[in-house]
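I have placed the structure first, in the form of C-alpha cells, so that the comments after it can refer back to it.
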Amino acid sequence: MRRIYLDNAATTYTYQEVVNEMLPYFTTDFGNASSQHSYGQKAAHAVDNAREIIADAINSKYNEIYFTSGGVEADNWAIKGVAYAHKDKGNHIITTKIEHPAIMKSCEYLSKQGFEITYLSVNKEGFIDLEELKNSIKDNTILVSIMTANNEIGSIQPLKEIGKICKENKVFFHTDAVQAMGVVDIDVKEMNIDLLSMSSHKFHGPKGIGALYIRNGVRLDRYMSGGEQERAMRAGTLNTPGIVGMGKAMEITLANKEKENKYIADIRDYFVNKVIGEVPYVIYNGPKENRLPNNANFSFQYIEGESMLLNLDLEGISASSGSACSSGSLMASHVLSAIGANEIDSQGTVRFTFSTKVTKEDVDYTVEVIKKSIKRLRQMSPLFNELKGEPEYV
Amino acid sequence: MYNDKVMNEFKEPQNVGTMENPSGVGTIGNASCGDILKIFLKIDENDIITDAKFQTFGCAAAIATSSVATNMVIGKSIEEAQQITNKSVVDALGGLPSQKIHCSVLAEEAIQEAINDYLSKKSQA
C-alpha cells in the first residue's frame, strides 16, 4: 500500500546522511565529551563543530548555544529559569494564547507559584497585536515569550517588531522557534532575541536533542543540577551522537533551504487548492501570507477529526487532528479557539504538514481518499443530515 | 489504539441510517464535546425491538459502539434492552481505551432515551 506521511510538524524522518554521521559516536568515538583523554576530546571536538553550525544558523555566538533533551526542555528552562532568576525584579510574564503546551503549562505552573501571566490574544489568522503587547508591558514585567511559528496553523509572528518593543522596555524576549528552524530566517542580533528554543527532530535530525540559545549576559537559573557541562548551566553527559546529528541535519537543511521550502510550499498549495475546489463545506484555518510553507489545516464540517484520521490511516495517509476526541485530554485545540473558530467545526479539523518526499500523485490520491472518507462520514452524521440536499462531489 | 474488533466495526458499521416513522428516537451528546449519537428504534405491538438505526457525529469509538449497541437491541424486548449497560457494549467490542469509555456510556443512554421516547408516546396514545 502506498504510504504518504503528512505529519511533518509532529516529527520528520532523520536524513540518512545524519544517521551515517552519528554512527561512529556510538561505537568508535564514544567517549564522554567531558573526559580529558583522547576518546573524550574526539567527542568534544565533534560537539564543538555542531555547536558552531547551530550558532551560525541564528547568528548567535558559539558559547550562547546550550544543548538540551529537546524543545520542551528548552522551553521549560527558558520560562522557569528567567522567572526564578529575576523574581526580585518582577513577577509578570507575557505570552500568547497559541503557544505550545510546554510554554502554556510552564506558565500555568509559575502562576501557581505567585507569578502573573498575561496571555496575548491573536486575530483570526493567528497573529498577535503589537499594540496589545506594548500595552501589556508593566513595571513588573520580566519576560515576553512568543513562538516564532505556530505548529497547528503555521502563523509566523513579526519577531523583529516584537524584539524592538522588548528591547525598548527592557524585558527579555524568548521565542519558541521549534517549528521555524530551517524555514524562517532568524537573526537573534537583528531581532533582539534573548532566548530561543529549537528541536532537532523537526528538521530531519534525531529525536531527543534540542538547544536553548541564551544571549551572553542573560542571567537565568540553572535547570539541571549536577556536573559542569554546558558552561555549568545544564548538567548531564552530552549526547554526542544526538548533537552531531542535530548539527549535520541543520547543515543539510540550511544548504537546501530555498529549494526545499519552495517545493514544499508549491505542493502544499496544490493540495490546498484541490481540497477547496473539490470538497464541499471545508474551512481553511490560518493565514495565506506569513505562514509556514509546509502547513495546511482544514476543518471539515459536520464530521469529527479522529474518524477522518483513521480513515486516512487505513489508506496509508498520516496526518493529525485538533479534535477533542483525538487528543489525550479530550479538550479541543486551544489554538483553534484562540482564533475564534466555531467550536463544532473545530472538531472536524485535520492538519496536513508536507515534506519534499510528497509528490503530486500522492496529493491526488490523498484528495480522493479525503472525498471518499468525507462522504462516508457525512452520511453517518446527524449534523449533515439536518442540511437540505446533498452537495455535488467532483 | 483500537483493537481489531473496534476497527472492523468502524470500517463497516452496521445499522447506519434513519428510519421512516420510528417508534422512538434518542439523541445524546453535543457537538462541542465532539460526540452526538442518535438512535432510532422500531418497536412492535409486543414491545419487541424489530429494527434499530443510528447516526453519529464522533470518533471511531462512537461509531463502533453505536454499531454494536444497535445490533445488541434488535430482536430484544424493551425490558431486555433496558438491561444493556455500557459495560456490555465495551465487552462486546473486546475493550476500549480508557479515555473512550464515555462513548459507550453515550450509546447506552441513547438507547434508554429512545425507549423512553417510545413509552411516553405510547402512554399519550
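Per chain, numbering begins at 1; letters A, B, ... match sequence-line order. A quick note: this is a predicted structure, and the numbers were derived from the prediction, not measured.
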Using the rule side-chain contact (heavy atoms from CB on, under 4.5 Å), only one of B:Met7, B:Met1, B:Lys11 pairs with A:Leu310; which is it? B:Met7
Minimum-distance pair of heavy atoms, taken over all atoms of B:Phe57 and A:Tyr302: CD1-O, 3.5 Å
Write down the atom of B:Thr56, the atom of A:Pro382, and the distance for their closest heavy-atom approach. C-CD, 3.4 Å
Should the heavy atoms of other residues, nucleotides or ligands under 6.0 Å from NZ of A:Lys105 be counted, would the total exceed 12? no
Qualifying salt bridge (charged side-chain N to carboxylate O under 4.0 Å, His left out) pairs with a residue from residues 114-125 of chain B, counting only residues at least two apart or across chains: B:Asp47-B:Lys122, B:Asp117-B:Lys121
Considering only heavy atoms, which portion of A:Asn311 lies under 4.5 Å from any heavy atom of chain B: side chain, backbone, both, or neither? both
Are the side chains of B:Pro13 and A:Arg376 in touch, meaning some heavy atoms are under 4.5 Å apart? yes
Got a sec: does the NZ of A:Lys124 have more than 12 other heavy atoms crowding it under 6.0 Å? no
Considering heavy atoms only, which positions within residues 82-94 of chain B lie below 4.5 Å of chain A? none
Enter the distance from A:Asn385:CG to B:Thr18:OG1 here, rounded to the nearest 0.5 Å. 6.5 Å
Answer yes or no: are there more than 12 heavy-atom neighbours, outside B:Asn46 itself, under 6.0 Å from its atom CG? yes
Atom CZ of residue position A:Arg3 - does it have more than 12 heavy atoms of other residues, nucleotides or ligands inside 6.0 Å? no
Locate the shortest heavy-atom distance separating A:Ser307 from B:Gly58; write the atom from each residue and the value. OG-O, 3.1 Å
Here the gap from B:Asp35 atom CG to A:Gln347 atom CD, rounded to the nearest 0.5 Å, amounts to 8.5 Å
Closest non-hydrogen contact found for B:Ala60 with A:Glu306 is N-OE1, 3.1 Å
